[in-house]
Structures are given as structure tokens and as C-alpha cells.
Amino acid sequence: FMGLLSAKPAYDASGKTLHYDGTITDITQQKEREKWLRMLSEAVEQAKEAVLITEAEPLDEPGPRIEYVNAAYEKMTGYSREEIRGKTPRVSQGPETDREVLDSLRAALEAGEEWEGETVNYRKDGEPYVVNWNVSPVRGEDGSTERWVSVQRDVTDRKEAEEELRRSQEQLSMALEGGSIGTWNWDVETGEVIFNRQWAEMLGYSREELDLRFSTWERLVHPEDLERAIDVLEKYIEGEIEIYDPEIRMQTKSGEWKWIQTIGKVVDREEDGTVTRAAGIHLDIDERKQAEEALQEREAQLRGLANSIPGVVFQAYARPKREYGFYFVSEHAGELLGISTDPADFFERCISRVPESERDDLLDAVDQAVDREGHLQFEVPFVTPSGDTIWLLGTATPEPRDDELLYNGVILDVSERKRQQKRLATTVERVTNAIVEVDSEWRFTLVNDQAEALYDMSENDLLGRNFWDVFEE
């Protein structure tokens, strides 16, 4: 044990010390209590939460004075303990401090009760912060309050995060309301599904008319789509695919089928990976799907029409920096040209089969037409994969777009016409009489050498001129 020795000397008549009379008091508990208080004081001093101790009174102005604050309080408020000791907690109050909260605190103090609250306080530099604090009485042996102990926390960041979350939830709610987005929250274990009002109204129901069960969704999904949707869901849950977003048909209250896209995500799993909860949204995509189907039908009609036209019907594009390509090529390209009708790289495949002697002239013609955004026409030989050379006549009309120039046109096989022209030219050259050919406007389209001699003019001078004008000369 630990003892406290107290001794007093005894003297004889001459004043000489004869002996000492003394006592030893057991102070073991006292020392243990001092050790405990010292440890407690160190713990409070090192605590991350602010701690202050005040007098018990007065509760009226100026209020109980502060006797102790820890280091965390100094850091939170900016006051040193020397500055704050002797002052009252009211030095931290300001214009935004909630009066109702302070009145609640006053009532608890008067009743000698514990209290907890939250309001705005102010640091030494005047910066506001949100404080959450509790106050507890320290009672004496007679039960009276001798001190007040308060533990305080700066919850400004938490309050700002809560406010940001509230705003986000409000914005999300507005977006869901305004965007007519249905939401669902599925408890996988119980089968309960919580639908919002928009989810039900999307199908013509009120929320109260639907049983909030997974089986309700299964019942409303089109039989041809249900198996596919479940298969996608299982693959998503097993991690085989990254997103669950099937497009399905669901039956409305009136019995019609409406296209819905459901997008979901697993939000809770057990430790073994078992899914316990999933949530997501429903989007009404019925108008989009109807438009897509109408577009597909229209495209099929146009493709059928294009494929019924002799020659190769195409839609090509020209983009900045001489980037050329095709969006559409009719099926006749395979039969006529002997190459794939796939629009990808169709331009390059065609150019590569134009003889090198003609290739640069063709590319120049394309560049010039694009530069002036004008009509494109060309006539070039083309070598098929089988080695045959055919002659192609291409013509296309430009259609400007935002960032590109479209060309809608057709490519015709004019090989027979070229052969006829060649035979005609050969025949003309062999006759001895002057032979000319004129069009419906009486313009020269062909002359032979004898005609040149007759008119004393070269072929270049005659082609394109009116026959009667030349005759009168």
C-alpha cells in the first residue's frame, strides 16, 4: 500500500529530542484517484472534440465563466485558453446563432439536466461555423450542480454535405418529375419492388392500382421480351455484362404495348456476392421506337427502289482535308463492279481499280467538284476483279450539310456506248466522203477528216458549233 507518514518530535527538559511520535495513513486510494484524474485530464486534453468546463452559475448575464478548455477547443475557435478563461461561452455567439436553440439550452440548465443541440457559432476571427454540442452537469456530494461540462464538435462540413445532398435529391426529384422517369427499387430477397408514381403512370396506372412485387413487372412485360430481359438480368448479376439496359415492351392498362427501356444497377450484395437489392429507372421510348421502325421501313423502301434502278445508286460524303467515303451503295455494285457493296472503304476500292493513267484525272475532277460544291460527273474505265475493263459514267448532285458535303448519284455501265462510238469512229475514218453528225440543235457532234477538208476547219473548231452558221460562212 502507499502510506503518508506524519511525525512529531518529543523533547526533554533541556530541549533534546527524545523520540518522534507519528502516524502512517493509508493513501493508496487517494493516489490511485490522483493517477486516474491525471490520466483523465490527459485524455481530455488529447481528445479531438472540444471540451470546456464552466462554473455552474450565474445563468443570467453574463453567464457562467469558462474555467477550462482543451487544445481541440483552441483549434476549433481560435481562442487560446488564456484568452478564453474567465469569459463566458456567449463570446462565440453571433447574428446567426439560433435563439430557440439557446432558449432550449437555458431551460435544461435551469432544470439541471443534460442537453444537446446544434447552431451557428463564430470563431475568434468572425468566421461562422456549425457546432453540435452537449452539456452535462457535474454534481457535488449533495447533488447540487457545481460545474457544467460541454463537449463540442464542428459539423460545418457535415452540414454542407447534407445540404448538398438535399439539393441533389431535390434536383433529382425535379428531373424525375419533369422528365417522366419511372424509378424502381427491388428487394431481391422478398420480391418487393417500390415503384414511383411516374413508373405506374407511364403504363396508364395509378400507383395504388399496382401490387408492389417483382411479379407485377413480369406480368406486364411482353412474353416475347420477358425471357430476353431475364437472361440479360442474370448475365448482369453474374458479371458477364457491365450494364443492364434492355429495351422491352410492356402492356398498358388499356391493353396496348409500349416500348420501355429499363436501366438498373445492383446496389447491395451479401459477402458471398448474393444480390440483395437492385434499383433503376424506366424510360418511355415508345415514340423513339416507332420512329425507328418507320425509318427502317422507309429505308427498306428506298433501298428496294435504289436496287431496282439500273446502275449503282449511292450516297457519298466529302469532309474537310479531302476525306471521302460512302454512306450507301446499292446492291447492283456487286453485280456491275464485282466488288463488295459495303460502304466502308468503298471509295478506296473503286479508285484502286481505275487505271493509273486515269486515276489522277478522276481524283482531280472529284476535288474540283467538292471545292465549288458543284455537280460531279466523270467517265472512266474500271477494271473488275475478273480482269475485264468496263466504262463507267458517274453523275451526282451535291447536298451541303453542317460539316460535310453529301453527293447523291448513280454510276452507269456505258461500255456498250463506248464500243459503238469506237466502231462509228472507225467507220467514219474509212469512208472518202465528208461525214458529220449533229444533235437536235444542229450542233456538230462528230466530223471526219474529209469534213474537216470540206469546211477548211479542224475538228476542234467544228465540234459544238451550229451546222447552218458554218454552212453560211
Side-chain angles (χ1 to χ4, degrees), residues 292 295-428 437 439 445-446 463:
E292 287 178 355
L295 179 60
Q296 290 171 359
E297 183 178 351
R298 178 62 174 162
E299 287 180 347
Q301 292 173 346
L302 291 175
R303 186 176 293 274
L305 178 61
N307 291 332
S308 68
I309 297 174
V312 180
V313 178
F314 66 86
Q315 183 180 71
Y317 63 80
R319 296 172 182 164
K321 299 183 179 179
R322 306 298 189 200
E323 181 185 351
Y324 302 138
F326 284 78
Y327 284 129
F328 170 77
V329 180
S330 68
E331 295 176 0
H332 284 308
E335 178 183 344
L336 176 62
L337 307 178
I339 61 177
S340 169
T341 59
D342 184 358
D345 301 325
F346 187 79
F347 180 80
E348 289 76 10
R349 292 199 301 275
C350 284
I351 291 297
S352 67
R353 294 201 165 275
V354 174
E356 291 186 13
S357 59
E358 305 284 344
R359 194 176 301 166
D360 288 343
D361 290 341
L362 173 59
L363 291 173
D364 287 343
V366 173
D367 292 342
Q368 291 172 20
V370 170
D371 290 342
R372 67 175 185 276
E373 296 188 4
H375 181 82
L376 171 64
Q377 184 166 324
F378 57 86
E379 189 172 305
V380 293
F382 182 92
V383 181
T384 66
S386 63
D388 296 329
T389 298
I390 60 176
W391 278 87
L392 303 177
L393 171 65
T395 180
T397 303
E399 180 185 341
R401 292 287 178 89
D402 292 339
D403 55 354
E404 62 185 10
L405 187 64
L406 294 185
Y407 274 93
N408 300 300
V410 63
I411 300 174
L412 300 173
D413 181 356
V414 294
S415 302
E416 182 59 30
R417 193 198 73 187
K418 294 294 287 186
R419 285 192 290 269
Q420 290 176 357
Q421 288 178 341
K422 185 176 181 181
R423 286 197 298 267
L424 178 59
T426 302
T427 301
V428 168
E437 179 185 78
D439 60 17
T445 58
L446 183 144
L463 292 178

Take atom CD in E416; do more than 12 heavy atoms of anything else shown fall under 6.0 Å from it?
yes

Could you grab the distance from atom [atom1] of [X] to atom [atom2] of [Y], nearest 0.5 Å is fine?
X: F378; Y: E358; atom1: CZ; atom2: CD; value: 12.5 Å
X: Y324; Y: E404; atom1: OH; atom2: CD; value: 13.0 Å
X: L406; Y: F314; atom1: CG; atom2: CZ; value: 11.5 Å
X: T384; Y: I390; atom1: OG1; atom2: CD1; value: 6.5 Å
X: E335; Y: T341; atom1: CD; atom2: OG1; value: 12.0 Å
X: L376; Y: D367; atom1: CG; atom2: CG; value: 10.5 Å

So do [Y] and [X] actually touch side chain to side chain, heavy atoms under 4.5 Å?
X: P385; Y: I339; result: yes
X: E399; Y: T397; result: no
X: L393; Y: Q377; result: yes
X: L392; Y: L337; result: yes

In terms of side-chain geometry, is the basic nitrogen of K418 or D413 positioned less than 4.0 Å from the acidic oxygen of its partner?
no

Do [X] side-chain atoms and [Y] backbone N/O form a donor-acceptor pair below 3.5 Å?
X: H375; Y: A396; result: yes
X: R349; Y: D342; result: yes
X: R359; Y: I351; result: yes

Might you point out which heavy atoms bring [X] and [Y] nearest each other, and give the distance in Å?
X: E373; Y: P398; answer: O-CG, 3.5 Å
X: S330; Y: V312; answer: OG-CA, 3.5 Å
X: Y407; Y: A369; answer: OH-O, 3.1 Å
X: S357; Y: D361; answer: O-OD2, 4.3 Å
X: S415; Y: W391; answer: OG-N, 2.8 Å

Under the side-chain hydrogen bond (donor to acceptor under 3.5 Å, both in side chains) rule, what do E437 and T445 come out as? Steps first, then yes or no, please.
CA-CA 5 Å; E437 179 185 78; T445 58; 2.7 Å; yes

Return the orientation label for the Y317 and Y327 ring planes: parallel under 30°, perpendicular over 60°, tilted otherwise.
tilted

